[in-house]
Structure formats: structure tokens, C-alpha cells
K.L.:
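My structure is below; once you've seen it, I'll send some questions.
In what follows, chains carry the letters A, B, and so on, assigned in the order in which the sequence lines appear, proteins first and then strands, with residues in each chain numbered from 1.
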Amino acid sequence: KQEVTQIPAALSVPEGENLVLNCSFTDSAIYNLQWFRQDPGKGLTSLLLIQSSQREQTSGRLNASLDKSSGRSTLYIAASQPGDSATYLCAVSPSRESQGNLIFGKGTKLSVKP
Amino acid sequence: EAGVAQSPRYKIIEKRQSVAFWCNPISGHATLYWYQQILGQGPKLLIQFQNNGVVDDSQLPKDRFSAERLKGVDSTLKIQPAKLEDSAVYLCASSLPGVLSEQFFGPGTRLTVL
């Protein structure tokens, strides 16, 4: 059974700092991996999607990497801002046939202090 | 473009009562998902529809939960009777069909069962 773990559960950093969020999964047979952002009282917003054949994806100040063989992904946020404060969730899709069945971690709650 | 709409946003009921949630996906999105997110956890897929057919309902507690998607557009999720452990945020998401389709999430319905 696939399990997704995110470390740390919470993180507080001063504005401007670069930071890394970690995600690990127990079964390396994944179809893709996604990083989401969740703001309080709101739904999830997709940030980056990495196919299993890819190593990384970048969008603005965000960079996500994937090491499928070791079951790990990282989300790098450069020059953090208070507006980045949110919960970040990692999710894996187990196969092409069941790609909608996302398996989520519990998330990392990020707080960026001005 | 309008996003995924959900109602109500909040609901408080007594245990053993019934409750229904409504979701209106993004126009043209054939695939619709219902997730349950318990406080402090990542979302868990309950059911996935493709048009008005069920693709995956393996994690739906069918003794008390039911869902339908009439005419392949709006969907309702019902709980009858509710238990204390059903307290959670119920998220609806939709996507275009296809292997790289991003899921777009609604704001969710927060259910409290007393």
C-alpha cells in the first residue's frame, strides 16, 4: 500500500530565506507526483506536476525534483515571501489507469515571517 | 473562467442525521472527484466520475455514503446516517479527461458532526 510522508510537519522561516520541503513515498511505481498549495478555508491549488520519467519541474520561484528510485521528492522555494505561507501537500498518482486516485501526504505547514 | 463551486460551505449536524453536498465542476470538465480531508490529514479520494459513470469508488463507505452525477455535470454526495468520524472537509475537484489533466479543486464543505 502506497504511503506518502512529508517532513517537516511545520516550518517557520524569515522572509527572504530559501527553503526545502520534503516528500517521500514507499512504492516507487508511480505515474506522476504533484505538489499542491492549500490556504486556510480554500481548496487546493496545483503548483507543479512531475511525470515519472522527469527529474524536475520549475515554475517561477518554485522547483520540484523527483528521484523515483529512492522514493523522494523535494520542493524548493527561493526567496520566500509572507504570501507563501500556506500548507504544501505532496501527492502521487499510482498508475496511468488510476491517475485520478491521488494519494496525499499530510502536508507541511509553512509560515514565512516578515 | 469560473472555478469549481461547492455548497454549502459549512454544515453542522447531529450524529445519525443525513446531509448532502453539492458540486458544480468547471464547464467542460468530464471528470469529477470527491475527496474527504480530515483535520491534519491529506485529502483521501472517495469517488471519481467520468461523465456520469463511476470510475473508482473503492474508498467510499457505501453503507452510509452515496454519490451521483446526473447528466454528467453537477454532483451530490450524501451521508446517511452521519457518524462523529465523518467530521471533515469534503472537497470536489474536476478535470479534463486525459493523462496530463490537472485537477482543479473547489473551496470545500466543512462538516461538523456533533
K.L.:
With a 3.5 Å cut-off and sequence neighbours excluded, list the donor-acceptor pairs that the side chains of residues 9-16 of chain B form with protein atoms.
P.N.:
| unit_1 | atom_1 | unit_2 | atom_2 | d |
| --- | --- | --- | --- | --- |
| B:Arg9 | NE | B:Gly108 | O | 3.3 |
| B:Arg9 | NH2 | A:Gly41 | O | 2.8 |

K.L.:
Do the non-hydrogen side-chain atoms of B:Glu102 and A:Ser46 ever get within less than 4.5 Å of each other?
P.N.:
yes
K.L.:
Pick out which of A:Leu102, A:Leu44, A:Leu49 makes a side chain to side chain contact (heavy atoms under 4.5 Å, CB included) with B:Gln103.
P.N.:
A:Leu102
K.L.:
Same cluster or not: B:Phe21 versus B:Leu46, using hydrophobic residues (I, L, V, M, F, W, Y) connected whenever any side-chain heavy atoms lie under 4.5 Å apart?
P.N.:
yes
K.L.:
Which residue pairs pass the side chain to side chain donor-acceptor pair (under 3.5 Å) test when at least one of the two sits in residues 60-69 of chain B, sequence neighbours left out?
P.N.:
B:Arg64-B:Asp86
K.L.:
Does any heavy atom of chain B fall under 4.5 Å from the side chain of A:Leu89, the backbone, both, or neither of them?
P.N.:
side chain
K.L.:
Is it the case that atom CD in B:Gln80 sees more than 12 heavy atoms from other parts of the structure closer than 6.0 Å?
P.N.:
no
K.L.:
Within the supplied structure, the quantity of interest is the number of heavy atoms (other residues, nucleotides, ligands) at a distance under 6.0 Å from B:Leu39 CG; does it exceed 12?
P.N.:
no
K.L.:
Could you check if a side-chain atom of A:Asn101 sits within less than 4.5 angstrom of a side-chain atom of B:Gln59, using non-hydrogen atoms only?
P.N.:
yes
K.L.:
So does A:Arg55 have more than 12 non-hydrogen atoms from other groups sitting under 6.0 Å from CZ?
P.N.:
no
K.L.:
Kindly compute the distance separating NZ (A:Lys42) from CZ (B:Phe105), expressed to the nearest 0.5 Å.
P.N.:
16.0 Å
K.L.:
Is there a path of hydrophobic side-chain contacts, each under 4.5 Å between heavy atoms, that joins A:Tyr88 and A:Leu19?
P.N.:
yes
K.L.:
What residues of residues 4-17 of chain A make heavy-atom contacts with chain B at a cutoff under 4.5 angstrom?
P.N.:
none
K.L.:
Do B:Leu60 and B:Tyr90 share a hydrophobic cluster, counting only Ile, Leu, Val, Met, Phe, Trp and Tyr and linking them when any side-chain heavy atoms are less than 4.5 Å apart?
P.N.:
yes
K.L.:
Which pairs with one or both residues in residues 103-114 of chain A pass side chain to side chain donor-acceptor pair (under 3.5 Å), sequence neighbours excluded?
P.N.:
A:Ser111-A:Lys113
K.L.:
For B:Gln6, is it the side chain, the backbone, both, or neither that has a heavy atom closer than 4.5 Å to a heavy atom of chain A?
P.N.:
neither
